[in-house]
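Just below is one structure, and these are the notes that go with it.
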Amino acid sequence: ALGGMALRKQQSVPTQPQNAIYEMHDAVRDGDLPKYLAAHTGPMEASLRRTAAEVGEARLLQSLQEKNTPVKGIAIQEPERLSEREVKTRVEYVFADRNEVQTVYLEKAGERWKIAKVENAQRVETLVPYGTPVK
């Protein structure tokens, strides 16, 4: 694993904060915009719903899928608890030519964790590009 990064576990309900992030990415891959929107909360969810209404759901989904397609893998660090209902975690996205790191803030809504805020991604230089044969 990547230095303390959690590996993905299949669960239908995101009882762990990181499961909400995987669920969001699964929703984009599966073309399920309602599930994608439901993975968010607060002003972020409101902004996404407003964008869907303005540009159209199909166009928003297409844009999300175009951004998600080149992602080869996702590694999520163990979430850091900020309060009883809030955590933040570091998410690393693996692309063929680079990695990007993003801080994601999640809030607990009932029994579910939802994405509340996402910071801009930062590029991380990789020593060996994804897919390079091992010698």
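We number each residue from 1, following the sequence as shown.
- Salt-bridge check for Arg112 with Glu23: passed, with a basic side-chain N closer than 4.0 Å to an acidic carboxylate O.
- Using a distance-only test at 3.5 Å, with no hydrogens or angles considered, a donor-acceptor pair links the side chain of Gln102 to the main chain of Glu119.
- Summarising the geometry of Ala20 relative to Ile115, their closest heavy-atom pair is O-CD1, 4.1 Å, with the distance given to 0.1 Å.
- Between the side chain of Lys114 and the backbone N or O of Ala38 there is at least one donor-acceptor pair closer than 3.5 Å.
- The two residues Trp113 and Glu84 come nearest to each other via the heavy atoms CH2-O, 4.3 Å.
- Contact check for Leu106 versus Glu86: no side-chain heavy atoms found under the 4.5 Å cut-off.
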query = Taking it one step at a time, do Gln122 and Glu100 satisfy side-chain contact (heavy atoms from CB on, under 4.5 Å)?
reply = CA-CA 5 Å; Gln122 311 258 319; Glu100 290 181 3; over 6 Å; no
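- The line from CD of Glu45 to NE2 of His40 is 9.0 Å long, rounded to the nearest 0.5 Å.
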ask   = Taking it one step at a time, do Tyr93 and His25 satisfy side-chain contact (heavy atoms from CB on, under 4.5 Å)?
value = CA-CA 11 Å; Tyr93 296 94; His25 285 284; 3.2 Å; yes
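- Here the side chain of Thr89 pairs no donor or acceptor atom with the backbone of Val104 at under 3.5 angstrom.
- By the 4.5 Å heavy-atom criterion applied to side chains, Ile74 and Val94 are not counted as neighbours.
- Of the possible donor and acceptor atoms, none in the side chain of Ser47 sits under 3.5 Å from a partner among the backbone N and O of Pro43.
- Judged by distance alone, the side chain of Arg81 and the main-chain N or O of Val87 form no donor-acceptor pair under 3.5 Å.
- Atom NZ of Lys67 and atom OG1 of Thr69 lie 12.0 Å apart (nearest 0.5 Å).
- Atom OG1 of Thr103 and atom CD of Glu80 lie 9.5 Å apart (nearest 0.5 Å).
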request  = Starting from the C-alpha separation in whole Å, work towards a yes-or-no answer on side-chain contact (heavy atoms from CB on, under 4.5 Å) for Gln18 and Glu78.
outcome  = CA-CA 8 Å; Gln18 54 271 43; Glu78 191 63 32; 4.2 Å; yes
query = Stepwise, does the side-chain contact (heavy atoms from CB on, under 4.5 Å) test hold for Val91 with Val118?
reply = CA-CA 10 Å; Val91 180; Val118 178; over 6 Å; no
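- For Phe95 against Pro70, the heavy-atom pair with the smallest separation is CD2-O, 3.6 Å.
- Of all heavy-atom pairs between Ala116 and Met44, the closest is O-CB, 3.3 Å.
- A cation-pi arrangement is absent between Lys88 and Tyr105 under the rule of less than 6.0 angstrom and at most 45 degrees off the ring axis.
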Side chains of residues 54-66: which donor-acceptor pairs under 3.5 Å do they make with residues two or more places apart or in other chains?
unit_1: Gln62; atom_1: NE2; unit_2: Glu66; atom_2: OE2; d: 3.2
unit_1: Gln65; atom_1: NE2; unit_2: Val28; atom_2: O; d: 3.0

